[in-house]
Student: 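Here it is, the structure in full.
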Amino acid sequence: MNREDFPILNNGKIYFDNAATTLKPKCVIDAMDKYYLEYTSNIHRGDYDSAVITNKLYDNVRNIVSEFINCDANTVIYTSGATHSLNMVVFGFMRYFLKPGDEVLLNKAEHASNILPWIKLQEEIPFTIKYIPLNEDYSLTLDNIKKCVTLKTKVVSLAMISNVIGDLRDIKSIGEYCHQNNIIFNVDGAQGIPHMKFDFKDSNIDFLSFSGHKMCGPTGVGILVGKYELLEKMKPIMYGGGMNSFFEEDNSYELKSIPTRFEAGTPAIAEVIGLGEAIKYLMNIGMDNIHKQEINLKKYFLEKVKDINNIIVYNKNINSGIIAFNIDGVFAQDTSMYLNHYGIAVRAGNHCAKMLKDEMNIKNTVRISMYFYNSFEEIDKLIEVLKNSKDIFKVVL
Ligand code: PMP
């Protein structure tokens, strides 16, 4: 779908590493070029023509995000990516919210960015991290969470879609449950938001983080959205220009209103504008169409791979375009190097979910992650190359 929009696809290579970062359509590159070529200027400082254009384009991206995920534009904070957003939640909000003995529920399939900040904060506040056990297929449902919740549980923090297992968590039900039980629900949307229609207001999420570069946008920009009343309690983790109304010799200072107070310094202006263009581009295609195409590609791959012996797929039943597999007895990195030889980019390793090996009893997997511009022909090629690996690895039959 829409392959002609991606100039890089003319290189004849096959790109199946979209969970790491996605390709960029020409309209996004053009929007950023235009900023650099025609109206470069800083934001919220100048009164000249180009500064006025930049202000307008930059600020309007909050409206685009608000339309995209149904949230209030003044609760949209620009960050450098999901990692930055998640760190803001932990060190700007949780640091002042959690008390000794409180419980935070995570799980071992989470990305480093949703585990390490919590571990670090624990050095300051003796709260407890509990890892919600996963199901046999490594998925996580509301029932798993219910079994772990106690009166001390203050936070549930999890990814909308795990970046290794690809299971889509039932965010709406989990949000409702957390809301009823006075539990803060923090969602890492890095792998979910780019792939399906999502409604922030309808989901009882308290904080939502995602990255621009995983949804056709540029690197270096991401979003944190939060409920307004919680953002009011959150403190900036960076102080400097652009976020204050005044500061005086007697150490008094005043911060600007939300969301500007969380955006100290010159932001990634071109990237914010590029992200706005990317979101408009995705909405134009339709998030439901994007999700449908990914699911069809996944089904097609699973159907084809059935005919190859000795390929172990770990997550057959998931509802996303992420597939984790290994060729039996072959080191995941060897498989990815072999595929690279044929111009096929996949990811091998632990995918930053370093605790998941305890649950799966395997250290590394090969991950194919699809986006709407991948094609059935590309999957045919992948299958053909995997089958031909019998001459090298001697295990594929
Ligand atoms: N969470 C998940 C589930 C991810 O897959 C990633 C990126 N691999 C991140 C967080 C971090 O995103 P970023 O590197 O863009 O900050």
Side-chain angles (χ1 to χ4, degrees), residues 15-24 28 65 77-92 106-120 131-132 134 138-140 156-169 171 174 185-196 198 205 207-225 237-238 262 267-268 271-272 274-275 278-279 294 315 318-324 336 345-356 359 364-371:
Y15 186 74
F16 279 137
D17 196 15
N18 294 289
T21 198
T22 62
L23 307 179
K24 319 302 170 200
V28 168
V65 173
I77 302 164
Y78 301 141
T79 67
S80 69
T83 302
H84 183 195
S85 308
L86 289 161
N87 273 268
M88 278 172 77
V89 173
V90 173
F91 296 109
L106 308 177
N107 66 88
K108 289 187 176 177
E110 292 300 307
H111 188 276
S113 300
N114 187 28
I115 294 191
L116 270 181
W118 298 103
I119 291 179
K120 182 68 194 156
Y131 293 96
I132 307 159
L134 303 176
Y138 318 113
S139 65
L140 189 151
V156 169
S157 183
L158 49 78
M160 210 170 139
I161 293 183
S162 140
N163 65 311
V164 186
I165 295 306
D167 63 311
L168 168 64
R169 279 87 182 251
I171 296 300
I174 300 171
F185 187 30
N186 181 41
V187 174
D188 169 1
Q191 300 293 350
I193 296 299
H195 301 281
M196 63 197 62
F198 189 73
I205 290 181
F207 295 102
L208 172 69
S209 302
F210 55 98
S211 294
H213 70 98
K214 292 182 197 283
M215 47 193 285
C216 292
T219 54
V221 63
I223 299 291
L224 171 63
V225 183
I237 56 172
M238 284 216 307
F262 299 114
E271 287 76 7
V272 169
L275 174 59
I279 295 176
E294 289 171 17
N315 58 345
I318 47 92
N319 36 11
S320 76
I322 293 179
I323 292 162
S336 72
V346 299
R347 171 96 180 264
N350 53 45
H351 319 291
C352 292
K354 294 202 164 97
M355 288 188 187
L356 193 56
E359 304 265 331
N364 294 308
T365 55
V366 182
R367 180 184 71 188
I368 314 168
S369 49
M370 296 184 268
Y371 213 11

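Atoms within each ligand, like the ligands themselves, are counted from 1 in listed order.
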Student: Do side-chain atoms of Asn114 reach the backbone of Glu110 as a donor and acceptor pair under 3.5 angstrom?
Tutor: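 No; zero donor-acceptor contacts below 3.5 Å.
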
Student: Mark the output for Lys214 as yes if a heavy-atom distance to ligand 1 is under 4.0 Å, and as no if none is.
Tutor: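 Yes.
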
Student: Considering only heavy atoms, does Ala82 approach ligand 1 within less than 4.0 Å through its side chain, its backbone, both, or neither?
Tutor: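 Both backbone and side chain of Ala82 come within 4.0 Å of ligand 1.
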
Student: Under the criterion side-chain hydrogen bond (donor to acceptor under 3.5 Å, both in side chains), I'd like the reasoning laid out for Ser157 against Asn186: C-alpha separation, chi angles, the key distance, then a yes or no.
Tutor: CA-CA 5 Å; Ser157 183; Asn186 181 41; 3.0 Å; yes

Student: Would you say Thr83 and ligand 1 have an N/O pair spaced under 3.5 Å apart?
Tutor: yes

Student: Show the atoms of ligand 1 that are less than 4.0 angstrom away from any heavy atom in Gln191.
Tutor: 3 (C), 4 (C), 5 (O)

Student: Quick one: does Ser85's side chain have a donor or acceptor within less than 3.5 Å of a partner on Ile223's backbone?
Tutor: yes

Student: Looking at every non-hydrogen atom in both residues, tell me the closest pair between Ile165 and Asn315 and how far apart they are.
Tutor: O-ND2, 2.7 Å

Student: Please assess Ser80 against Val221 for the test side-chain contact (heavy atoms from CB on, under 4.5 Å), listing each intermediate value before the final yes or no.
Tutor: CA-CA 4 Å; Ser80 69; Val221 63; over 6 Å; no

Student: Side chain or backbone of His213 under 4.0 Å from ligand 1, or both, or neither, by non-hydrogen atoms?
Tutor: side chain

Student: I'd like to know if the side chain of Tyr371 reaches the main chain of Phe16, judged simply by a donor and an acceptor atom lying under 3.5 Å from each other, with no hydrogens or angles considered.
Tutor: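 Not at all, since once roles are kept as given, no pair shorter than 3.5 Å links the two residues.
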
Student: Considering only heavy atoms, which of Ser211, Gly81, Ser162, Ala159 lies nearest to atom 15 (O) of ligand 1?
Tutor: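 The residue whose heavy atom sits nearest atom 15 (O) of ligand 1 is Ser211.
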
Student: Please identify which atoms of ligand 1 are closer than 4.0 Å to at least one heavy atom of Asn163.
Tutor: 3 (C), 5 (O)

